Amino acid sequence: MSRRSALIRTIALLMPVLSGCTASRELPMTTLAPKSDLADWIYHLFLEVTLWDAGILAIVLVAFVLAVFVFSTRVGEAAPPKSAASDLGLEVAWTIGPALVVLMISIPTVRTIFRSQPRIAPEGALHIKVTAHQWWWEFQYEDSGVKTANELHLPIGRPIRLDLVSADVIHSFWVPQLGGKRDVVPGQINELTFVAQIPGTYPGQCAEFCGDSHANMRFRAMVETPDQFAAWTAEQLKPPLAASQIADPAAADGAKMFANSPCVTCHRIEGVSKGYIAPDLSHFGGRTTMAGGIMPNTPENVARWITDPQALKPGAEMPALGLRGQQLNDLVAYLESLK
Ligand code: CUA
């Protein structure tokens, strides 16, 4: 192979690597479009380390090209190799060089770790207890008492302090656009602290394999203005209508059916049932998604879910209730009426 074709091949091999750097900022699970201070710090750390790495790559490439194309011996002019065993200068250089590289990368990394993980929650922080379950997320707002599932509403501009606990196995809380992953470990409380900065809906995902439906353990972080967040909180604090107050006859029948069904042993609906091992349904109809964020909250999907949960989420603990026809329609109408 000629030297020219070797150079062309080297560049061709690097092309896919270089083109990977232009990741779209529109991708929902990207870490390259930060929407919180935490995500921003991590993003800038990534840029800084990548910059150092690019510098090192450039030095190595230049040395490589010089070695191959300038300092290599040609056929017929081979010189006896010189032993480097006693070259003190070289030994010092290849000891100090890598040490400097590690130092340059570790200083910004350690700085970001300490900056992003305050031991004590910032003053005025919104405390939310996050409980990971196989396979859904529970969010409890400690000051207002609001309890919801799979949709985490957050105001911009206020420090958020998440206390992460697990109800069963190890999970990992991750909203790529709001910050790094944090493991959720049974028997201990892990914390995540950040300030969300830009309103929007950001997808989250459990990032630690946790069983059959690990991939179905999704959620959404809904970052809102303080006014929108206050309005949402006020809605959540209103008790749902009692069966006698519901105007829609199908929903009213569904309310009676729910109250007398096995659903009540697992699901809580304020004023109706006290179940706690499954998601709180008091305001189920107000959520945009369902079943661990895997599908939009529509009457058709709720009916599919009630009919056969395991078909949609393998391993789900909810049993199929065997409801059909009018009974199924009534129950769906009731659940969707719980705004
Ligand atoms: Cu929870 Cu994976």
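Just follow the structure's listing: the first ligand is 1, and inside any ligand the first atom is 1. Along the sequence shown, residues are numbered consecutively beginning with 1. Not measured: the values here are computed from a predicted model.
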If I take atom 1 (Cu) of ligand 1 as the centre, what angle separates the SG atom of Cys206 from the SG atom of Cys210? Nearest 10 degrees is fine.
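Centred on atom 1 (Cu) of ligand 1, the SG/SG angle is 120° (to 10°).
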Just by modelled atom types, is the [Y] backbone N or O under 3.5 Å from a matching donor or acceptor in the [X] side chain?
{"X": "His283", "Y": "Lys339", "value": "yes"}
{"X": "Ser36", "Y": "Gln197", "value": "no"}
{"X": "Arg182", "Y": "Asn190", "value": "no"}

Just wondering, is there an N, O or S atom on His214 that's nearer than 2.8 Å to atom 1 (Cu) of ligand 1?
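Checking His214: none of its N, O or S atoms is under 2.8 Å.
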Decide, counting backbone as well as side-chain atoms, whether Ser172 has an N, O or S atom less than 2.8 Å from atom 1 (Cu) of ligand 1.
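For Ser172, the answer is no, given that no N, O or S atom comes within less than 2.8 Å of atom 1 (Cu) of ligand 1.
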Taking the six-membered ring for Trp, are Phe219 and Trp135 ring centroids under 6.0 Å apart?
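Between Phe219 and Trp135, the centre distance exceeds or equals 6.0 Å.
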His153 and Phe229 aromatic centres sub-6.0 Å
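Here the rings of Phe229 and His153 have centres that are no less than 6.0 Å from each other.
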Give the name of the N/O/S atom in Glu208 that lies closest to atom 2 (Cu) of ligand 1.
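For Glu208, the N, O or S atom at the smallest distance from atom 2 (Cu) of ligand 1 is O.
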Name, closest N/O/S atom of His171 to atom 1 (Cu) of ligand 1:
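Nearest N/O/S atom: ND1.
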